[in-house]
Amino acid sequence: MNFKKKYSKMTVLAAMIHGVVIGIAAVAIVGFIIVGTSGKGKEQAVEKGVATQPEKKGEEEKTPVSGEVVPTGDPLKMVAKQHGVFSSADAAKEFIATDAALAKAAVIEADGQFFVWSAIGLAEDELIVSEAEGTFRKPFYAETSACSAIGAGKLTKALSETDLAQIKILTTSGEGESDEKGVADFRKNLVAVTAFTSDLQVIRLQLLAHYTHKDGCAKISF
């Protein structure tokens, strides 16, 4: 058989052009595939970043701000049994002296006035008052955070305690506790008050009377 065959110049030229076109098309298709894959990868990376950003923000919010003051506790909300209010301490003391029933009462100074109280409760329904004796309930707040020298936590606990036995535990020194003068004096005062009365309402009253006047660290507000 004769395999030799002659092609015209036009046929050869057409074949070359056809090959070039096919090559360009192939390169273009491959290029589009690469670009598309790269774009999709970037998209996924962006989406991943957005998804994890809220968690990072949450962690930042939990970090304390430098210099931020951390609250040590809210003032104690309490209620007093009030017998009268006076413009001077002497007038309040004279009022107490004229009534034997007020032997355990105390004078409390607040807002430039002097209040005669005979009991302090943690809730209004703890106190019995009557119009006949001229008494009524007086809600107030006791702030003890400034009493750090005598152990503000101990004073707060003594004022808010509902068990006399727990208050008496505070009169003894615990292991590792400070023996500074202020803390030692607090224990002595607590011993004296609990010896004077076992009534928790009167104990609270006498402690507040001492630490709002003689010591001056406790503050009363309405």
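Throughout, numbering of the chain's residues begins at 1 and tracks the sequence.
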request  = Find out whether L207 and R204 are in side-chain contact, i.e. whether some heavy atom of one side chain is under 4.5 Å from a heavy atom of the other.
outcome  = no
query = Just by modelled atom types, is the I96 backbone N or O under 3.5 Å from a matching donor or acceptor in the E94 side chain?
reply = no
note = Using a 4.5 Å side-chain heavy-atom cut-off and chaining through intermediate ILVMFWY residues, the residues clustered with V202 come out as F196
request  = Flag the pair F95 / F86 as yes when their ring centroid distance falls below 6.0 Å, and as no otherwise.
outcome  = yes
request  = Say whether, by atom type as modelled, one donor and one acceptor occur between the side chain of S88 and the main chain of A91 under 3.5 angstrom.
outcome  = yes
inquiry  = Measuring only between side-chain heavy atoms, which start at C-beta, is L190 closer than 4.5 Å to I167?
reply    = yes
task = Identify the heavy atoms of A158 and F186 that sit nearest to each other, and give their distance.
result = CB-CZ, 4.4 Å
ask   = Roughly how far apart are L76 CG and E143 CD, rounded to 0.5 Å?
value = 8.5 Å
remark   = Closest non-hydrogen contact found for I203 with S198 is CD1-C, 4.3 Å
ask   = Distance-only, no hydrogens or angles: does the R137 side chain make a donor-acceptor pair with backbone N or O of V79 under 3.5 Å?
value = no
Cluster link L205 to L127, ILVMFWY, side chain under 4.5 Å = no
note = Minimal heavy-atom distance between T197 and D199, with the atoms involved, is OG1-N, 3.0 Å
task = Indicate, with yes or no, if I169 and I150 share a hydrophobic cluster defined by side-chain heavy-atom contacts under 4.5 Å among Ile, Leu, Val, Met, Phe, Trp and Tyr.
result = no
inquiry  = Show the nearest heavy-atom pair for residues C217 and A146, with the distance to one decimal.
reply    = O-CB, 3.5 Å
query = Do side-chain atoms of Q201 reach the backbone of E126 as a donor and acceptor pair under 3.5 angstrom?
reply = yes
message = Assess the residue pair E124 and K81 against the criterion (salt bridge (Lys or Arg N to Asp or Glu O under 4.0 Å)); give the C-alpha distance rounded to whole Å, side-chain angles, the decisive distance to 0.1 Å, and a yes or no.
response = CA-CA 9 Å; E124 292 193 6; K81 182 177 181 178; over 6 Å; no
ask   = Taking only residues two or more places apart in sequence, or in another chain, which ones meet K138 in a side chain to side chain donor-acceptor pair (under 3.5 Å)?
value = none
query = Hey, are the side chains of L155 and Y211 touching, using non-hydrogen atoms and a 4.5 Å cut-off?
reply = yes
inquiry  = Please check if the number of heavy atoms outside I128 that lie under 6.0 Å from its CD1 is greater than 12.
reply    = no
inquiry  = Please check this pair: side chain of K77 against backbone of D74, looking for a donor-acceptor N/O pair closer than 3.5 Å.
reply    = no
task = Assess whether side chain to side chain donor-acceptor pair (under 3.5 Å) is satisfied between D215 and H210, documenting all intermediate values.
result = CA-CA 7 Å; D215 188 277; H210 178 86; 5.6 Å; no
Heavy-atom closest contact (Y141 atom, P75 atom, distance) = CB-CB, 4.1 Å
note = Tightest non-hydrogen contact, residues T171 and R187, listed as O-CD, 3.5 Å
Which side-chain N or O atoms in residues 101-121 pair as donor and acceptor under 3.5 Å with protein atoms at least two apart or in another chain?
{"from": "W117", "atom 1": "NE1", "to": "Q82", "atom 2": "OE1", "distance (Å)": "3.0"}
{"from": "S118", "atom 1": "OG", "to": "H83", "atom 2": "NE2", "distance (Å)": "2.7"}

query = What distance separates L208 CG from I220 CD1, expressed to the nearest 0.5 Å?
reply = 4.5 Å
task = Check for a donor-acceptor pair, side chain of E133 on one end and backbone N or O of T135 on the other, with a separation under 3.5 Å.
result = no
request  = Drop me the distance from L159's CG to L122's CG, to the nearest 0.5 angstrom.
outcome  = 9.0 Å
